[in-house]
Trainee: 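Please see the structure below; I have some questions.
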Amino acid sequence: MGPFEILCGIAAVVLALYYFLTSTFDFWKSRGVSGPRPIPGFGNFKDVMFNKISIGDYFTKEYNAYKDEPFFGIFARKTPMLIVKDLELIKDVLIKDFTKFADRGHPIFEKAEPLSQHLFSLEPKRWRPLRIKLSPVFTSGKLKEMFCLISECADNLIQYMEKIASTGEPVECRELTAKYTTDVIGSCAFGIDMNALSDEDSEFRKMGRKVFTPTWRTFLRISIRQVFPWLYNMFGYVLPQTDVTKFFTRVIVENMEYRETNNITRNDFIDVLRELKKHPDKLGDIDLTDSLLASQAFVFFLAGFETSSTTISHALYELALNPKIQDSLREEIDEVYAKYNGNLGYDNIKKMNYLDKVFKETLRKYPPGTALMRQTTSSYTFDGTKVTIPKDMKVFIPVYAIHRDPNIYPKPDVFDPERFNDEAVQSRHPMTYLPFGDGPRNCIGARFAVYQTKLGLTKILRNYKIETCEKTPIPYINDPKAFILSPIGGIHLKIIKINRT
């Protein structure tokens, strides 16, 4: 074979590869949908893939670039995806036409990742009956029963903070508050003393860090999972289970067996799982394996501690930057304490209106999940348009971008709790505030998250003043490597004990 034939062969391979990588790139153009130009091999996610920009910042950039469009199309490598901006269309996706978007579109690998079979990711067939059976754990009645347990963990947090405050050194608030929320979840959901505050070597805290601390192995697994899902699924039969998977499966299964053997009943999350295991017929033809049951407890633990601890940290960050708001909130807290003789009960938290505004403004500015994802269960035509998308199309709702839209929230970088007074809230479209999602697949533990966050904040501000320090991240820059919204370098603040006479 001569040089010319070799060159022709190379050219044919290059052209074939180029065609393969770009074969879908006319998908949105053929439907009349605008969007940024994709790059072969990367689509529109090159900077996200190389950790140059966070997904929240990327969506916000494109959201602003297509500000007059109801939606815009992008590509993940060569797979087309849609970003929906129009608030009425978002309402259709999440609520009105929910049955067409009942799937979150997260792949489940039962062999490679046994704990991925949780409520957040499950396909509609298994999600629906499980959601119905698990929902009673999060009613207001159950929360009232748990309130004293949450309060006890908050008191332990205050005692722990006293040691830190006495040193005069800044503290990394995300780690501090994660210890508190880890203990709360352990006590309320599993009846386990996780000792995250009292024990620096707490296994539960170690495992929580492992899940949310990016490593090269994590990124390698994610990359293989995204690019070659079939290969990743095959690896599941030979790859050893991760430490996190082995730990949580063992702890949850042993906890259930121990209670069963010793006839212990606590009416908590673990007991609900025990009841399901005893009566699997209540879930229809679902195969109720130990992995499926453990997955539900696993996601409750992860979502319950990480999102709430992040929210408390962000609230403390903004209160340190805005001392007048901090003083106003502390004044309200002190008034409630005085009114009820120092007894902070479940209903007292609900009466703190300014606390509620601060909490909501924190989640407005810092939603832990910067986007919601749904996947079509059938072909779908958006109301008022001629745009039809096929079955299994992933649709994103850019929560972070909406929360930072100056046309919805003027001066969005300003922390202003009064955005959430009754008049302001009523003037806005309900889809402009989505920290917990909306519709049937909203956050099942939203009430629980609200109470553990508010109670933690209340006890902290009652006893400590929060100030910025040299290590405080100013300005706040989103960490492109983080799974949940957080700044590069963490949130370092100074804690000063309030001496009450």
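Here the structure is a predicted model, which means the values were calculated and not measured.
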Trainee: Applying salt bridge (charged side-chain N to carboxylate O under 4.0 Å, His left out) to D413 and K365, what does each step give before you reach the verdict?
Mentor: CA-CA 7 Å; D413 291 332; K365 197 171 178 185; 5.5 Å; no

Trainee: List the residues meeting side chain to side chain donor-acceptor pair (under 3.5 Å) with R131, not counting sequence neighbours, and say none if there are none.
Mentor: N442

Trainee: Does any N or O in the side chain of E318 come within less than 3.5 Å of the main-chain N or O of F415, such that one atom is a donor and the other an acceptor?
Mentor: no

Trainee: Between S295 (side chain only) and P114 (backbone N and O only), is there a donor and an acceptor less than 3.5 Å apart?
Mentor: yes

Trainee: With no hydrogens and no angle check, is any side-chain donor or acceptor of R441 less than 3.5 Å from a backbone partner on R374?
Mentor: no

Trainee: Taking C-beta and beyond as the side chain, do K100 and D92 meet within less than 4.5 Å on heavy atoms?
Mentor: no

Trainee: Can the ring centroids of F300 and F138 be said to lie less than 6.0 angstrom from one another?
Mentor: yes

Trainee: Side chains of E123 and R104: does their closest heavy-atom pair fall under 4.5 Å?
Mentor: no

Trainee: Show the numbers, then the answer: is there a side-chain hydrogen bond (donor to acceptor under 3.5 Å, both in side chains) between K179 and S309?
Mentor: CA-CA 8 Å; K179 290 179 177 181; S309 64; over 6 Å; no

Trainee: Between H403 and P412, is any pair of side-chain heavy atoms under 4.5 Å apart?
Mentor: no

Trainee: Counting C-beta onward and ignoring hydrogens, is there a side-chain heavy-atom pair between Q296 and F269 closer than 4.5 Å?
Mentor: yes

Trainee: On a heavy-atom basis, which atom in R174 and which in P487 lie closest, and how many Å separate them?
Mentor: CD-CD, 4.4 Å

Trainee: List the steps, then state whether side chain to side chain contact (heavy atoms under 4.5 Å, CB included) holds for I333 with L344.
Mentor: CA-CA 10 Å; I333 291 167; L344 192 66; over 6 Å; no

Trainee: Any ring-ring contact (aromatic ring centres under 6.0 Å, His included) involving residues 80-105? Give me the pairs, sequence neighbours left out, ordered by first then second residue.
Mentor: F98-W127, F101-Y380

Trainee: State which residues pass side-chain contact (heavy atoms from CB on, under 4.5 Å) with A65; sequence neighbours excluded, sorted by chain then number.
Mentor: E62

Trainee: Keeping the roles fixed (side chain from D103, backbone from T376), state whether a donor-acceptor pair exists under 3.5 Å.
Mentor: no

Trainee: Is it true that a side-chain atom of N478 and a backbone atom of D57 form a donor plus acceptor pair closer than 3.5 Å?
Mentor: no

Trainee: Once rounded to the nearest 0.5 Å, what's the spacing between atom OG of S23 and atom NZ of K78?
Mentor: 3.0 Å

Trainee: Is there a side-chain contact between L457 and T311, using heavy atoms and a 4.5 Å cut-off?
Mentor: no

Trainee: Can we call the ring centroids of Y400 and F59 under 6.0 Å apart?
Mentor: no

Trainee: Are the charged groups of D356 and K360 less than 4.0 angstrom apart, N to O?
Mentor: yes

Trainee: Parallel, tilted or perpendicular for F42 and F50, by the 30°/60° rule?
Mentor: tilted

Trainee: Using atom types as modelled, flag every donor-acceptor pair under 3.5 Å from a side chain in residues 272-280 to any protein atom, sequence neighbours excluded.
Mentor:
unit_1	atom_1	unit_2	atom_2	d
R274	NE	E260	OE1	3.1
R274	NH1	I264	O	2.6
R274	NH1	D271	OD1	2.8
R274	NH2	E260	OE1	3.1
E275	OE2	H279	NE2	3.3
K277	NZ	D290	OD1	3.1

Trainee: Quick one: are K67 and D405 in side-chain contact, heavy atoms under 4.5 Å?
Mentor: no

Trainee: With sequence neighbours left out, what residues match E69 under side chain to side chain donor-acceptor pair (under 3.5 Å)?
Mentor: none

Trainee: Can you check whether I408's main-chain N or O pairs, donor with acceptor, with R428's side chain at less than 3.5 Å?
Mentor: no

Trainee: Is there a side chain to side chain contact (heavy atoms under 4.5 Å, CB included) between F71 and I389? Walk through the geometry before answering.
Mentor: CA-CA 12 Å; F71 36 57; I389 55 176; over 6 Å; no

Trainee: Of all heavy-atom pairs between P36 and F72, which one has the smallest distance, and what is that distance?
Mentor: CD-CD1, 4.3 Å

Trainee: Using modelled atom types and a 3.5 Å cut-off, is there a donor and acceptor pairing between side-chain atoms of D416 and backbone atoms of E418?
Mentor: yes

Trainee: For S140 and R447, work out which heavy atoms get closest and say how close.
Mentor: N-NH1, 4.0 Å

Trainee: Would you say the rings of F75 and F27 are close, in the sense that their centroids are separated by under 6.0 Å?
Mentor: no

Trainee: Is the distance from the ring center of F359 to that of F420 below 6.0 Å?
Mentor: no

Trainee: Between T289 (side chain only) and L292 (backbone N and O only), is there a donor and an acceptor less than 3.5 Å apart?
Mentor: yes

Trainee: Sort and list the pairs that fulfil side chain to side chain donor-acceptor pair (under 3.5 Å) and have at least one residue in residues 180-189, not counting sequence neighbours.
Mentor: none

Trainee: Compare all side-chain heavy atoms of L122 with those of Q117 and state whether any distance is below 4.5 angstrom.
Mentor: yes

Trainee: Carefully, step by step, assess E332 and L355 under the rule side chain to side chain contact (heavy atoms under 4.5 Å, CB included).
Mentor: CA-CA 8 Å; E332 179 185 64; L355 173 63; 3.7 Å; yes

Trainee: Is any side-chain heavy atom of L94 closer than 4.5 Å to a side-chain heavy atom of L434?
Mentor: yes

Trainee: Taking the six-membered ring for Trp, is the centroid-to-centroid distance between Y63 and F396 below 6.0 Å?
Mentor: no

Trainee: Kindly compute the distance separating NZ (K459) from CD1 (I150), expressed to the nearest 0.5 Å.
Mentor: 10.5 Å

Trainee: Rounded to the nearest 0.5 Å, what separates atom CZ in R126 from atom OG in S121?
Mentor: 10.5 Å

Trainee: I'd like to know whether C173 forms a side chain to side chain contact (heavy atoms under 4.5 Å, CB included) with I312, so could you lay out the CA-CA distance, the side-chain angles of the two residues, the decisive distance to 0.1 Å, and finally the verdict.
Mentor: CA-CA 8 Å; C173 286; I312 297 172; over 6 Å; no

Trainee: Between F298 and H118, what is the ring plane arrangement, given parallel below 30°, perpendicular above 60°, and tilted in between?
Mentor: tilted

Trainee: Looking only at atom types and distance, does a side-chain atom of K357 sit under 3.5 Å from a main-chain N or O of R419, one as donor and one as acceptor?
Mentor: no

Trainee: To the nearest 0.5 angstrom, please state how far the CD1 atom of I90 sits from the CD atom of E88.
Mentor: 10.0 Å

Trainee: Walk me through it: do Q375 and H106 pass the test side-chain hydrogen bond (donor to acceptor under 3.5 Å, both in side chains)?
Mentor: CA-CA 9 Å; Q375 181 170 290; H106 292 282; over 6 Å; no

Trainee: Which label fits Y366 and Y317: parallel for a plane angle under 30°, tilted from 30 to 60°, or perpendicular past 60°?
Mentor: perpendicular

Trainee: Evaluate S313 against T177 for side-chain hydrogen bond (donor to acceptor under 3.5 Å, both in side chains), listing each step before the verdict.
Mentor: CA-CA 7 Å; S313 303; T177 55; 3.0 Å; yes

Trainee: Quick one: CG on L149 to SG on C188, what's the gap to the nearest 0.5 Å?
Mentor: 5.0 Å

Trainee: Taking the inter-plane angle between the rings of Y476 and H314 on a 0 to 90° scale, is it parallel (under 30°), tilted (30 to 60°) or perpendicular (over 60°)?
Mentor: tilted

Trainee: How long is the span from the CD1 atom in I402 to the CG atom in L87, to the nearest 0.5 Å?
Mentor: 6.0 Å

Trainee: At their closest point, which heavy atom of L372 faces which heavy atom of G437, and how far apart are they?
Mentor: CD1-CA, 3.8 Å

Trainee: Is a donor on one side and an acceptor on the other found under 3.5 Å between the side chain of N421 and the backbone of A424?
Mentor: yes

